[in-house]
Number of protein chains: 2
Amino acid sequence: MITIKKVAQLAGVSTATVSRVINNSGYVNGKTRDTVESIMREYHYVPLDSAVNLSKQESSTIGIVIPEIDNVFYSEILHGISEVADENGLSPIIFDTQNNAEKEARALRLISRQRVRGLLLAPAVDYAKTSLGKELKDILTDLQIPVVIVDREADGISWDSVFYQNYESSFAVAEALYHAGGRRMAVITGDLKLKIGRDRLNGFAAGLKLTGLKLRKDDIYEGNFLEPMAYELSRKMLMKRSLPDAVYTCNNRTSLGFLKAAGELGIQVGKDIGLMGNDSLRILDELGIPFSCAYRDTAEMGRIALRLLLKRIDHPDDPREIYRMPFSIALRGSEKKLS
Amino acid sequence: MITIKKVAQLAGVSTATVSRVINNSGYVNGKTRDTVESIMREYHYVPLDSAVNLSKQESSTIGIVIPEIDNVFYSEILHGISEVADENGLSPIIFDTQNNAEKEARALRLISRQRVRGLLLAPAVDYAKTSLGKELKDILTDLQIPVVIVDREADGISWDSVFYQNYESSFAVAEALYHAGGRRMAVITGDLKLKIGRDRLNGFAAGLKLTGLKLRKDDIYEGNFLEPMAYELSRKMLMKRSLPDAVYTCNNRTSLGFLKAAGELGIQVGKDIGLMGNDSLRILDELGIPFSCAYRDTAEMGRIALRLLLKRIDHPDDPREIYRMPFSIALRGSEKKLS
DNA sequence: ACCTCATGTGTAACCGATTACACAATTGCT
DNA sequence: AGCAATTGTGTAATCGGTTACACATGAGGT
């Protein structure tokens with residue numbers, strides 16, 4: 001490894017001068033600068049981040065913790081984050097927790113050693129409720145690092161956040177299904193222990209209420225945002241004697257589980273039963289499979305989250321900001337029941 | 001920030017002793033250890049990675065550079081990598097290059113400042129051919145860091161690698177299509193400037209040859225592994241007067257582009273025309289959409305890549321290793337032409 | 001009683017950068 | 001000509017850890 005000391009030696013100057021050249025700070029004679037620069041180029045000198053970080057007391061990495069890296073939704077968010085990180089010369093350290101609280105704890109502990117510039121966090125744990133969550137919150141608070149919570153809303157969090165209009169979008173889905181002709185609706189919820197799960201259910205129920213409809217208790221299927229559960233619940237629902245007119249599936253995985261079950265049972269979505277999801281499944285559109293849903297621009301959500309973090313880093317004392325990602329409604333045919 | 005010095009002071013010992021407690025090295029009296037540990041716990045002390053890295057001359061981060069983070073294929077690889085990283089207490093710094101050479105250059109430069117433990121790289125650039133590629137190769141070589149090349153094979157690379165049986169799987173696809181009854185085959189290739197693109201084409205052609213078939217020049221559609229191009233080429237192919245019996249789409253995005261075009265034109269895959277891809281599209285299986293292909297266990301591929309890197313880190317002088325990820329063939333109906 | 005060795009702890013150099021401060025040389029202004 | 005301000009460079013402390021080395025203590029063996 002070639003160090004600043006060697007560069008200085010080869011250029012016949014002190015390390016201070018080399019450092020000035022690197023950082024474009026202080027006074028440096030043009031000729032000296034040229035010499036130093038050519039030496040650096042010749043020897044492929046690259047300053048060592050850990051040394052720079054240590055002396056400058058800051059780093060150029062950001063921490064990112066997400067619950068499912070292999071879910072399109074999150075990988076699109078990562079795409080957006082990566083873009084903004086690239087624009088700003090930041091290195092993203094990414095942890096995939098697979099919705100596992102212990103993994104999340106390990107990730108945060110690793111992050112806390114890195115003195116990252118800031119943290120983007122989509123928690124798997126409800127920080128207000130579980131004891132591990134509380135401990136993690138302490139770790140983060142101690143860190144004194146800017147944090148932006150992404151997507152997963154939870155009680156008792158006081159950091160900047162980029163959330164989704166969970167309630168509003170669900171409300172809109174209810175209206176859309178009503179306008180498509182649905183009268184008896186069912187819903188496969190997400191994890192109701194999470195605020196996001198409750199919001200989506202409540203928004204949907206409220207939307208129905210406005211149209212004068214009521215959500216029957218036994219038309220509420222309590223899921224967990226994951227496919228296997230959604231699949232099982234869908235089978236249960238679809239094998240009953242009387243089907244609802246339309247179903248609301250609360251996230252992309254839930255929608256997938258439903259579609260799979262419906263497909264297997266020969267029930268045609270958009271004909272035998274109406275369906276709307278929340279979160280798009282781009283691939284379905286591409287394949288021309290009708291799938292109506294409320295959705296948001298996920299990559300943009302990542303961009304916004306990181307930009308918010310950067311803003312917070314520059315202005316640590318501004319009041320807390322909560323951005324509510326707006327939704328769009330895509331009607332592609334699956335919302336209707338024709339028969 | 002609480003530092004080792006403060007901990008030492010509070011515990012009434014020297015920093016050396018605290019360090020010994022942290023690293024479980026040297027001799028430390030049981031009582032002293034207890035004191036130090038309780039102080040560390042009480043004050044939430046966490047050693048600063050950049051300081052540790054600097055003095056230990058090593059780090060616990062690994063660099064990862066991939067071309068499309070929002071492609072399921074890569075996000076599943078990342079899932080596998082994350083798993084092994086977690087098991088080994090490593091922090092993955094992930095860069096998404098979006099197949100852009102300049103982005104890749106920036107990513108590698110950032111990585112080179114970090115003194116990462118090692119690098120997993122799926123290059124967007126052919127390191128032997130473009131001048132930027134050569135420069136990047138120099139950067140990497142200078143780094144003296146273990147590198148494992150993932151998925152994207154290129155000429156003139158001498159690092160450990162985890163590749164796919166590109167040739168063999170394509171060969172097998174040709175055979176499978178033949179056995180399904182196809183006689184005139186077409187192929188939508190990937191980027192033929194890349195070795196992987198050529199291998200998949202050549203393997204397919206060789207497979208056909210073995211069965212006595214020949215791949216006609218105008219049945220070769222030169223794509224670039226991306227959807228829009230595949231879509232255009234597919235339209236072109238499908239709007240011709242005479243269709244081939246079956247088509248080989250060289251990667252998942254190409255398959256998607258084809259399916260979209262076929263869907264739009266009302267051509268039923270698995271009936272009007274046979275189709276096999278390379279790379280699975282899990283979601284299609286889940287939805288019960290027939291799609292036959294050669295595929296591999298992608299998450300496993302990520303795991304293997306990182307394990308290979310770790311092995312290399314421990315044994316820098318072992319001979320170069322190339323792992324060729326085996327393929328499986330999934331026949332789900334789309335390979336046939338029935339009419 | 002003496003020596004050896006294991007145990008326990010502290011001192012201080014070091015990792016590779018940055019930067020406050022000191023100092024010299026040159027420039028510009030009256 | 002005299003002095004202040006600007007320009008250019010080096011010395012050395014510092015960031016927060018690790019670790020080689022020195023040293024002290026006590027146990028065990030003869």
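So you know, we letter chains A, B, ... as the sequences are listed, proteins then strands, and number each from 1.
Salt-bridge annotation for D151(B) and R296(B): present, with a side-chain N of the basic residue lying under 4.0 Å from a carboxylate O of the acidic one. We find that E135(A) and R109(A) are joined by a salt bridge, their nearest charged nitrogen and carboxylate oxygen being less than 4.0 Å apart. The residues D160(B) and R312(B) are annotated as salt-bridged, a charged nitrogen and a carboxylate oxygen being separated by less than 4.0 angstrom.
Counting any heavy atom pair closer than 4.0 Å across all strands shown, G12(B) reaches sugar-phosphate atoms only and no base atom. Contact annotation for T17(A): backbone-only contact, meaning every heavy-atom pair under 4.0 Å involves sugar-phosphate atoms and none involves a base. Within 4.0 Å (heavy atoms only), V13(A) reaches sugar-phosphate atoms of the nucleic acid but no base atom. Among the protein residues, T3(A) comes within range of the sugar-phosphate backbone only, with heavy atoms under 4.0 Å from sugar or phosphate atoms but none that close to a base. N23(A) comes within 4.0 angstrom of the backbone, heavy atoms only, and of no base. Across all strands shown, N53(B) has no heavy atoms under 4.0 Å from either base or sugar-phosphate atoms.
Sequence order on DNA chain C of the closest nucleotides to S14(B) and R115(B) puts S14(B) first from the 5' end. If T15(B) and S55(A) are placed on DNA chain C by their nearest nucleotide, the residue sitting closer to the 5' end is T15(B). Nearest-nucleotide assignment on DNA chain D puts the 5′-proximal partner with T32(A), out of L54(A) and T32(A).
S19(B) has a side-chain polar atom (N or O) that falls below the 4.0 Å cut-off from OP1 or OP2 of dT18(D). Taking 4.0 angstrom as the limit, Y27(B) places none of its side-chain polar atoms (N or O) nearer than this to OP1 or OP2 of dG10(C). Side-chain N/O atoms of Q57(A) include none lying less than 4.0 angstrom from OP1 or OP2 on dT18(C).
Nearest nucleotide to the side chain of L48(B), out of dT18(C), dT19(D), dG16(D): dG16(D). Between dT19(D), dT18(C), dG17(D), one nucleotide has an atom nearer to the side chain of K56(B) than all others, and that is dT19(D). Listed nucleotides dT11(D), dT18(D), dT11(C) differ in distance to A16(B); the shortest reach to its side chain belongs to dT11(C). The side chain of N29(B) approaches dT9(C) more closely than any other nucleotide in the set dT7(D), dT9(C), dT19(D).
For N24(A) and dT18(C), the CG to P distance is 12 Å, given to the nearest whole Å. Rounded to an integer number of Å, the gap from CD1 of I4(B) to P of dT19(D) is 11 Å. Atom CD in Q9(B) sits roughly 14 Å away from atom C1' in dG16(D) (whole-Å rounding). Counting to the nearest Å, the P atom of dG16(D) and the CG atom of D49(A) are 17 Å from each other. The interatomic distance linking M1(A) (CE) with dC14(C) (P) rounds to 18 Å, in whole Å. To the nearest angstrom, C1' of dG17(D) lies 14 Å from NZ of K6(B). Atoms CD (E58(A)) and P (dG16(D)) sit 14 Å apart, rounded to a whole Å. Rounded to whole Å, the distance from CE on M40(B) to C1' on dG16(D) is 15 Å.
The side-chain heavy atoms of Y45(A) and M1(A), taken from C-beta on, include no pair separated by under 4.5 Å. Residues I66(A) and T97(A) are not in side-chain contact: their nearest non-hydrogen atoms beyond the backbone lie 4.5 Å or more apart. Considering only heavy atoms from C-beta on, E83(B) stays 4.5 Å or farther from D86(B) through its side chain.
R20(A) contributes a side-chain N or O that forms a donor-acceptor pair with the base of dG10(D) under 3.5 Å. For R33(A) and dG8(D), a side-chain-to-base donor-acceptor distance below 3.5 Å is absent, hydrogens and geometry of angles not being considered.
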